[in-house]
4 protein chains.
Amino acid sequence: MRVNLEARAATGENRRAQTRAKLVDAAARVIADKGREATSIEDIVAEAGVARGTFYNYFPTVDELLDALNTRMAQAVDAAMAPIRAEITDPPSLLAATLHRFMVALTADPVGGWLALRMEGSVAPRQLIFERRFDALFQEGVRIGRFRQGNRDAARSLLFGAFRMAQRDVMLGQTSPDHVVELVALLLMAFGVTPEEARDISRKAAAEAEDQRHYHPVM
Amino acid sequence: MRVNLEARAATGENRRAQTRAKLVDAAARVIADKGREATSIEDIVAEAGVARGTFYNYFPTVDELLDALNTRMAQAVDAAMAPIRAEITDPPSLLAATLHRFMVALTADPVGGWLALRMEGSVAPRQLIFERRFDALFQEGVRIGRFRQGNRDAARSLLFGAFRMAQRDVMLGQTSPDHVVELVALLLMAFGVTPEEARDISRKAAAEAEDQRHYHPVM
Amino acid sequence: MRVNLEARAATGENRRAQTRAKLVDAAARVIADKGREATSIEDIVAEAGVARGTFYNYFPTVDELLDALNTRMAQAVDAAMAPIRAEITDPPSLLAATLHRFMVALTADPVGGWLALRMEGSVAPRQLIFERRFDALFQEGVRIGRFRQGNRDAARSLLFGAFRMAQRDVMLGQTSPDHVVELVALLLMAFGVTPEEARDISRKAAAEAEDQRHYHPVM
Amino acid sequence: MRVNLEARAATGENRRAQTRAKLVDAAARVIADKGREATSIEDIVAEAGVARGTFYNYFPTVDELLDALNTRMAQAVDAAMAPIRAEITDPPSLLAATLHRFMVALTADPVGGWLALRMEGSVAPRQLIFERRFDALFQEGVRIGRFRQGNRDAARSLLFGAFRMAQRDVMLGQTSPDHVVELVALLLMAFGVTPEEARDISRKAAAEAEDQRHYHPVM
DNA sequence: AATGAATGAGGCTTCATTCAT
DNA sequence: GATGAATGAAGCCTCATTCAT
């Protein structure tokens with residue numbers, strides 16, 4: 001009897017990928033709910049509906065799984081932003097659009113939003129991919145005179161720190177509706193955009209992001 | 001025979017306070033070293049040089065101790081800033097002076113600095129006392145026309161988030177010397193100070209804070 | 001109120017020693033019964049009647065406990081042999097007496113006997129203290145012409161290996177009554193004692209050891 | 001179309017035997033390296049280069065495989081000794097030749113040597129086939145007056161115990177070059193051979209065994 | 001107050017074994 | 001026959017907490 005070894009291997013790989021995804025998804029939900037430190041392997045496998053030992057067939061430790069999760073999130077978010085990167089060429093406008101879209105995505109998807117906050121500390125708080133996008137955008141903005149000349153590292157600290165803190169405030173519900181609009185405007189001002197234009201850009205970007213709220217679950 | 005009950009009581013209270021302080025100090029050192037989640041009660045009592053059971057005579061849980069620690073740190077820092085609050089009246093200058101002094105204090109005192117970073121997440125990332133100081137300063141700045149009118153909550157997100165991220169970058173040693181100078185200047189610009197003046201104020205405040213480096217251990 | 005701190009400390013130490021002994025005794029019984037590799041910490045604490053965590057207050061691993069057990073056994077046995085060392089001066093007779101007494105002790109005390117066999121492999125199969133006793137005895141025997149000149153290391157391999165194998169055979173009940181008598185005689189012959197005298201010495205030592213069977217539980 | 005069913009069956013049996021041998025060989029290497037208790041089925045199949053499930057197509061448990069391994073080793077060794085059994089008729093000389101050859105084989109083949117030591121305890125320490133060979137040899141030696149009359153079981157304890165202990169000492173490298181020569185001589189003396197002849201026989205047997213070192217991998 | 005031995009819940013990890021493909 | 005994903009029992013270890021002294 002002849003056996004189709006390739007088909008069998010493909011089936012196996014498929015099943016493997018499915019189980020792996022089940023675990024990563026489950027971990028995202030559990031960690032968003034309880035926080036990294038309160039999450040045990042037991043919690044994750046229970047949520048995933050697999051046996052305890054199965055976990056170790058895929059990840060040696062919870063932190064390995066977290067890395068996978070982190071990478072997956074960052075890539076998903078970055079991919080979701082591809083359309084606006086293609087469409088918007090003005091750096092301040094692209095920055096504002098990205099931040100507002102990101103915030104909408106985080107609040108639209110409670111799991112992803114909480115997850116991002118709760119991973120504070122256990123994983124890199126700034127993803128390399130986002131840093132690179134920002135660096136390019138900032139450099140281009142300076143080059144064409146839309147941003148003031150300045151230390152890029154300090155600008156990064158400002159942007160990523162402020163955004164994270166705002167995310168926290170928004171998710172905890174302690175903010176007024178225009179909190180994010182104002183924050184993004186402040187960032188643009190810090191980078192050299194005039195107050196009036198900064199507020200204008202931020203407001204428009206916020207409105208457009210809201211329109212997209214239900215179209216793009218990113219994580 | 002007559003016994004001085006008050007004196008005895010005072011002695012007792014004194015000893016009690018001493019043991020309590022021993023525990024809080026020990027916790028600060030251990031957590032700064034290993035991080036909150038890796039710190040056990042055993043570690044703390046060993047560092048404090050008291051018996052395990054003694055811990056429970058003072059704190060029902062580790063988190064109670066953490067609250068005490070957090071409060072103590074915030075008050076110490078706030079008290080250390082009293083001189084400049086009395087001395088500097090210009091809001092942008094006071095803000096710059098406070099931020100630079102704070103950063104110097106954190107980096108000068110490795111225990112306090114790491115502690116602040118490592119408690120990220122386990123305790124409130126923003127102390128009420130600091131928020132109140134900022135609110136008053138911001139309001140005064142707006143009143144006298146030094147800061148641009150704007151949403152105070154957004155300004156708070158910006159300031160506290162950016163400062164925390166900068167602290168992280170500085171303590172991890174991934175920054176150039178003028179990173180903090182630039183960051184503080186960016187904050188002032190976001191609040192409406194002109195670029196030239198913002199850089200000037202930040203640079204001067206940084207220089208003065210450096211002069212004080214060895215005079216004010218704050219925690 | 002005055003507290004007798006010394007008395008309290010003494011009580012504590014006492015309790016500690018008791019619990020430690022409970023664990024070592026329990027381990028001896030369990031290992032004699034099931035063998036080292038089949039013995040879990042759970043088994044030991046159950047046999048000792050203490051909680052699982054208590055084990056770790058005394059020993060970091062089962063092997064640490066085994067070392068303690070091993071040392072204790074060797075010292076007990078060596079001490080039990082003190083009288084005959086003081087009494088018998090002729091090296092062949094002392095060797096025969098020691099071996100027969102040892103064998104009687106091992107078979108009289110099933111726990112100790114099985115324990116010695118089952119620890120084969122997990123711990124040093126030859127205790128340093130016994131090696132030293134044998135070296136001294138062998139050297140003295142050679143010096144006074146009772147043993148033939150020869151390589152001491154080879155003599156040691158012969159003696160310890162043969163005795164261990166004999167112990168195994170005896171404990172498994174696969175031997176005739178004079179098995180040990182013959183074996184000890186063979187050892188003496190290997191060392192240069194004439195066949196007639198060797199059998200004579202071994203027989204007498206066996207008889208005397210039997211007389212002591214119920215007087216000296218050694219472990 | 002005609003199919004050669006016999007050939008196909010033969011091929012099947014052949015393949016089966018090959019996989020089985022792969023497993024047994026792999027187990028030998030792994031156990032020699034890590035010891036029986038530290039060896040998992042996973043280790044064995046990884047070393048053998050087959051899938052985990054394949055193991056169970058051949059052996060219900062690891063111990064079944066160990067039995068196979070043990071038997072194979074004993075038969076290989078016994079077969080390797082066939083030439084000298086045919087050639088040497090004098091019992092003391094045959095005994096000495098066998099022991100020296102065995103020791104050379106064990107030390108020449110690190111896998112087999114360590115394996116034999118590491119299986120100490122997990123399997124029978126004396127193989128029936130070796131016992132029978134010794135019994136016959138001893139009986140014949142007594143019959144023709146080369147060995148002294150004596151208890152055969154005690155002689156067996158002496159021989160097998162001493163040899164195993166010597167093997168351990170040699171493999172651990174704690175011996176002088178003539179350790180085994182002396183030990184074999186002591187055994188012959190214990191059996192009634194005169195000291196001079198015993199040493200002579202052992203020395204010659206050792207020299208001849210050394211000559212064969214590279215010709216006969218026994219396991 | 002201070003002590004530290006004892007506790008046991010809770011988490012981690014390994015690994016023999018099953019079974020669908 | 002061979003495969004390897006899935007399983008879950010069984011062990012290990014840590015550590016917050018209790019409590020008698």
Side-chain angles (χ1 to χ4, degrees), chain A residues 1 3-5 7-20 22 38-45 49-62, chain B residues 12-13 15-16 18-20 38-45 49-63, chain C residues 1 3-5 7-20 22 38-43 45 49-58 60-62, chain D residues 12-13 15-16 18-20 38-45 49-63:
Chain A
M1 192 189 124
V3 177
N4 185 334
L5 287 175
R8 179 192 289 172
T11 306
E13 295 228 341
N14 210 11
R15 195 155 53 121
R16 216 179 143 71
Q18 271 176 31
T19 303
R20 190 189 151 95
K22 263 200 268 182
T39 297
S40 68
I41 289 177
E42 171 64 26
D43 293 332
I44 295 172
V45 297
V50 302
R52 188 193 309 274
T54 300
F55 183 92
Y56 294 95
N57 290 340
Y58 292 87
F59 303 100
T61 70
V62 175
Chain B
E13 294 235 337
R15 246 208 323 172
R16 209 175 149 72
Q18 271 175 29
T19 302
R20 191 188 149 93
T39 296
S40 67
I41 289 181
E42 172 62 26
D43 293 331
I44 295 172
V45 297
V50 303
R52 192 192 306 267
T54 302
F55 183 92
Y56 293 93
N57 291 335
Y58 292 88
F59 303 100
T61 73
V62 174
D63 283 343
Chain C
M1 192 188 124
V3 177
N4 186 334
L5 288 174
R8 179 191 289 174
T11 306
E13 295 229 343
N14 210 12
R15 195 154 53 119
R16 217 180 142 71
Q18 271 176 31
T19 303
R20 190 188 152 94
K22 263 199 268 182
T39 296
S40 67
I41 289 177
E42 171 64 26
D43 293 331
V45 297
V50 302
R52 186 194 311 276
T54 300
F55 183 92
Y56 295 96
N57 290 340
Y58 292 87
T61 70
V62 175
Chain D
E13 295 235 335
R15 248 213 316 178
R16 207 175 151 74
Q18 270 176 28
T19 304
R20 190 188 152 93
T39 297
S40 66
I41 289 180
E42 171 63 26
D43 294 330
I44 295 172
V45 296
V50 302
R52 192 192 306 269
T54 301
F55 183 92
Y56 293 93
N57 291 334
Y58 292 88
F59 303 99
T61 73
V62 175
D63 284 342

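These figures come from a predicted structure and were not determined experimentally. Just so we're on the same page: letters track the sequence lines, and every chain starts at 1. Reckoned from all heavy atoms, side chains included, excluding hydrogens, waters and symmetry mates.
Atom P of nucleotide E:dC12 and atom CZ of A:F59 are separated by 15 Å, given to the nearest angstrom. Rounding to whole angstrom units, CZ of residue C:R20 and P of E:dA5 are separated by 13 Å. The nearest whole Å value for the distance from the CZ atom in A:R15 to the P atom in F:dT3 is 16 Å. Rounded to whole Å, the distance from CD on D:Q18 to P on F:dA2 is 11 Å. The separation between A:I44 atom CD1 and E:dG11 atom C1' is 12 Å, rounded to whole Å.
Using a 4.5 Å cut-off on side-chain heavy atoms (C-beta onward), C:V62 and C:T39 make no contact. For the pair A:I41/A:F59, no side-chain contact is recorded, criterion being any heavy-atom separation below 4.5 Å from C-beta on. Here the side chains of C:V45 and C:T54 are not in contact, with every heavy-atom distance at 4.5 Å or above.
Between A:R52 and D:R52, the residue anchored closer to the 5' end of DNA chain F is D:R52, taking for each the nucleotide with the nearest heavy atom. Annotation: of the two residues near DNA chain F, D:G49 and A:G49, the 5′-most nearest-nucleotide partner is D:G49. Both B:A51 and D:E42 lie close to DNA chain E; mapped to their nearest nucleotides by heavy-atom distance, the more 5′-ward contact belongs to B:A51. For D:A38 and A:I41, each mapped to the nucleotide of DNA chain E holding its nearest heavy atom, the one lying further toward the 5' end belongs to A:I41.
For the residue pair C:S40/C:D43, the side-chain donor-acceptor check at 3.5 Å is satisfied.
Under the Watson-Crick or G-U wobble criterion, with both distances below 3.5 Å, F:dA20 is paired with E:dT3. Both distances falling under 3.5 Å, in either a Watson-Crick or a G-U wobble arrangement, place E:dC15 opposite F:dG8. Remark: E:dG10 base-pairs with F:dC13; criterion is Watson-Crick or G-U wobble with both hydrogen-bond distances under 3.5 Å.
Taking the ring centre of D:Y58 as origin, the terminal cationic atom of D:R16 falls inside the region bounded by 6.0 Å and 45° from the ring axis.
Looking at heavy-atom distances under 4.0 Å, A:V50 makes contact with sugar-phosphate atoms alone, never a base. Residue D:F55 is out of contact with every strand shown, counting any heavy-atom pair closer than 4.0 Å.
The C:S40 side chain lies nearest to F:dG11 when the options are F:dA6, E:dA5, F:dG11. Which of E:dT3, F:dC13, E:dT13 sits closest to the side chain of C:Y56 comes down to F:dC13.
Under 4.0 angstrom from either OP1 or OP2 of E:dG4 there lies no side-chain N or O belonging to B:T54. The side chain of C:T19 places an N or O atom within less than 4.0 Å of a non-bridging phosphate oxygen (OP1 or OP2) of E:dA6. Under 4.0 angstrom from either OP1 or OP2 of E:dA6 there lies at least one side-chain N or O belonging to C:Y58. OP1 or OP2 of F:dA5 sits under 4.0 Å from a side-chain N or O of A:R16.
Taking 3.5 Å as the limit, the base of F:dA6 and the side chain of A:N57 contain a donor-acceptor pair of atoms between them.
If you take CD on C:E42 and CZ on C:F55, they are separated by 11.5 Å, rounding to the nearest 0.5 Å.
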